[in-house]
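Each remark here refers to the structure printed beneath this line.
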Amino acid sequence: MNAFASDLDRTLIFSKRMLEEYGSDGNEELIELLDGKPISYISLKTKAILKQINEDMFFIPVTTRTIQQYKRIQLFQDDIVPQYAITSNGGTILKRGTVLKEWTLHVKGLLQNCPPLEEVIKKVAAIDDSKWIKKIKPGDHVFFYIIVHTEYFSDSRFIELRTLSDHLGWKVSLQGRKLYFIPKILNKWTAVHYLRYVLGVNEMYTAGDSILDYELITNGTYGIAPLHGEVVDDSFTLNKTREAGIKASEEIVESVQSRYRNIHM
């Protein structure tokens, strides 16, 4: 059996802001609402191919979203329903929508080897001139993210925070207006590798756009990143799409499907 483990936001699904930034031909579907407001879209072509992939192999969404944020995406609750999903940047594995307790206990043990969440939040918030912080939000008790005031957030501040995080054994990733702080010991590939073993997966295809997806992309049998991805800027050796934005998602699922079908011809 094979599997496709992929990041979601900015890899397979896109915000309105991303559609405006990189362009759209109008052939997308709204798949997520928050308080009645549109949040995320998927290309109709990507959706059709992803649906077929989910029938042919394991499709495993792998996201930094919390459990609640993941379940907000209606597409993966009603239409394309994966058996497994990984949320909280690898902190949680869902099996048919229910938390896999043995993995949660394993993660709890791993996190004992790094500074606790509350301590890191306190040190970040204590940095001089915190007007760049709009809101601090914990994520399923394993990481946190800050919604930043972009007009007060500079490159030098990001470098300062990255240095602090690295010293604490955490990593930082800026995705739009959200600045994520995640323990280095917690990554998406660790959870995917666990499922690969449990499910007996042979070929593991992977995709992602951010620094948080680097291990996921590089450890898969075949990994790919969208051209617009943050991770592409940090590594020139990764497979990447020719186009950016929502069109990149079509290239990603097409490449996965093509490789799978060639193996079985």
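Bear in mind the structure is a predicted one, so any value in this text is a computation, not a measurement. Counting from 1, the numbers follow the sequence of the chain as shown.
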request  = State plainly whether one hydrophobic cluster holds both Val124 and Tyr152, where clusters connect Ile, Leu, Val, Met, Phe, Trp and Tyr through side-chain heavy atoms under 4.5 angstrom apart.
outcome  = yes
Tyr205 and Phe4 aromatic centres sub-6.0 Å = no
query = Which atoms form the tightest heavy-atom contact between Ser249 and Ile246, and what is the distance?
reply = OG-O, 2.6 Å
task = Go through the steps for Leu179 and Trp132 under the test side-chain contact (heavy atoms from CB on, under 4.5 Å), then give the verdict.
result = CA-CA 11 Å; Leu179 186 65; Trp132 58 274; 3.9 Å; yes
query = Is Glu20 paired with Arg17 through a side-chain N to carboxylate O contact shorter than 4.0 Å?
reply = no
message = For Asp7 versus Leu216, what's the shortest heavy-atom pair and its separation?
response = N-CD2, 4.3 Å
request  = Give a yes or no on whether the backbone of Arg242 and the side-chain of Glu251 come within a donor-acceptor separation of less than 3.5 Å.
outcome  = yes
ask   = Going from CG on Leu161 to CD1 on Ile127, what distance comes out if it is rounded to the nearest 0.5 angstrom?
value = 4.5 Å
message = Is it the case that the ring center of Phe14 lies less than 6.0 angstrom away from the ring center of Tyr41?
response = no
key: Joint hydrophobic cluster, Ile80 plus Tyr260, side-chain heavy atoms closer than 4.5 Å   = yes
inquiry  = Between Asp140 (side chain only) and Ile67 (backbone N and O only), is there a donor and an acceptor less than 3.5 Å apart?
reply    = yes
query = Rounded to the nearest 0.5 Å, how far does NE2 of His141 lie from OG1 of Thr66?
reply = 10.5 Å
ask   = Any side-chain heavy atom of Leu19 sitting closer than 4.5 Å to one from Glu28?
value = yes
key: Which atom of Pro226 lies closest to which atom of Val232, heavy atoms considered   = O-CG2, 3.4 Å
Within-4.5 Å side-chain heavy-atom neighbours: Ile42 and Ile31 = yes
Donor-acceptor under 3.5 Å (Thr241 side chain, Leu227 main chain) = yes
request  = Would you please classify the geometry between the Phe59 ring and the Phe76 ring as parallel, tilted or perpendicular, with 30° and 60° separating the classes?
outcome  = tilted
ask   = Under the 3.5 angstrom rule, does the side chain of Asp79 hit a backbone N or O of Leu75 as a donor-acceptor pair?
value = no
task = Nearest 0.5 Å please: distance from the CD1 atom of Ile136 over to the OH atom of Tyr145.
result = 12.0 Å
message = Test your reading of the model: is there a side-chain donor-acceptor pair from Glu230 to the backbone of Ile211, 3.5 Å cut-off?
response = yes
message = Please determine whether a side-chain nitrogen of the Lys or Arg among Lys51 and Glu55 lies less than 4.0 Å from a carboxylate oxygen of the Asp or Glu.
response = no
ask   = Can you tell me how far the CE atom of Met1 sits from the CE atom of Met204, to the nearest 0.5 Å?
value = 11.0 Å
ask   = Do other residues, nucleotides or ligands put more than 12 heavy atoms under 6.0 Å from Tyr214 OH?
value = no
ask   = So, Trp170 side chain and Cys114 main chain: donor-acceptor pair closer than 3.5 Å or not?
value = no
task = Could you tell me which non-hydrogen atom of Gly208 sits nearest to which non-hydrogen atom of Ile217, and how far apart they are?
result = O-CD1, 3.3 Å
message = Strictly below 4.0 Å, N to O, side chains only: are Glu119 and Lys122 in salt-bridge contact?
response = no
request  = Determine whether more than 12 heavy atoms belonging to other residues, nucleotides or ligands lie under 6.0 Å from atom CG of Asp155.
outcome  = no
task = Please work out whether the ring planes of Phe158 and Phe153 are parallel, tilted or perpendicular, with thresholds of 30° and 60°.
result = perpendicular
query = Any side-chain heavy atom of Ile86 within less than 4.5 Å of one from Trp103?
reply = no
remark   = Between Asn113 and Gly109, the two heavy atoms sitting closest are ND2-O, 3.9 Å
ask   = CG of Leu117 to CZ of Phe144: how many Å apart, nearest 0.5 Å?
value = 6.5 Å
request  = Mind running side-chain contact (heavy atoms from CB on, under 4.5 Å) on Lys188 and Glu215 for me, showing each step along the way?
outcome  = CA-CA 7 Å; Lys188 295 177 179 180; Glu215 293 89 352; over 6 Å; no
request  = Check whether any side-chain heavy atom of Leu12 lies under 4.5 Å from a side-chain heavy atom of Val253, and answer yes or no.
outcome  = yes
task = Please work out which of the three classes, parallel, tilted or perpendicular, describes the rings of Trp189 and His193, given edges at 30° and 60°.
result = tilted
ask   = For the side chain of Arg196 and the backbone of Asn202, is there at least one donor-acceptor N/O pair under 3.5 Å apart?
value = yes
request  = Verify, without hydrogens or angle tests, whether Asp25 (side chain) and Asn27 (backbone) share a donor-acceptor contact under 3.5 angstrom.
outcome  = yes
inquiry  = Can you confirm whether the side chains of Asp78 and Gln74 place a donor and an acceptor under 3.5 Å from each other?
reply    = yes
task = Could you tell me whether Lys240 atom NZ has more than 12 heavy atoms of other residues or ligands within 6.0 Å of it?
result = no
request  = Start with the C-alpha gap between Lys137 and Lys178, add the side-chain angles, then the distance that decides, and say whether side-chain contact (heavy atoms from CB on, under 4.5 Å) holds.
outcome  = CA-CA 10 Å; Lys137 304 191 77 170; Lys178 292 180 180 179; over 6 Å; no
ask   = With a 4.5 Å limit on heavy-atom distance, are the side chains of Tyr70 and Thr92 in contact?
value = no
inquiry  = The test is side-chain contact (heavy atoms from CB on, under 4.5 Å); show your working for Arg72 and Arg65 and say whether it passes.
reply    = CA-CA 10 Å; Arg72 209 168 60 201; Arg65 285 177 177 240; 3.9 Å; yes
task = Please answer: with hydrophobic residues joined when any side-chain heavy atoms are less than 4.5 Å apart, are Val81 and Val62 in the same cluster?
result = no
ask   = Sub-3.5 Å donor-acceptor pair from the side chain of Ser24 to the main-chain atoms of Gly26, do we have one?
value = yes
query = What pair of heavy atoms forms the shortest contact from Glu250 to Ser43, and how long is it?
reply = OE2-OG, 2.6 Å
ask   = In terms of hydrophobic clustering (I, L, V, M, F, W, Y; side-chain heavy atoms under 4.5 Å; direct or indirect links), are Leu238 and Tyr222 co-clustered?
value = no
message = Within the 4.5 Å heavy-atom criterion, are Ile182 and Ser173 side-chain neighbours or not?
response = no
message = Let me check something: do Ile159 and Phe181 share a hydrophobic cluster, defined by ILVMFWY side-chain heavy atoms less than 4.5 Å apart, either directly or through other members?
response = no
request  = Assess whether atom NZ of Lys184 is packed by more than 12 heavy atoms of other residues, nucleotides or ligands within 6.0 Å.
outcome  = yes
remark   = Paired with Val99, the side chain to side chain contact (heavy atoms under 4.5 Å, CB included) test is passed by just one of Leu94, Thr87, Ile93, namely Leu94
ask   = How long is the gap from CG on Asp209 to CG on Leu212, to the nearest 0.5 Å?
value = 9.0 Å
task = Kindly indicate whether the side chain of Asn187, heavy atoms from C-beta on, has any atom under 4.5 Å from the side chain of Lys171.
result = yes
query = Between Leu50 and Asn54, is any pair of side-chain heavy atoms under 4.5 Å apart?
reply = no
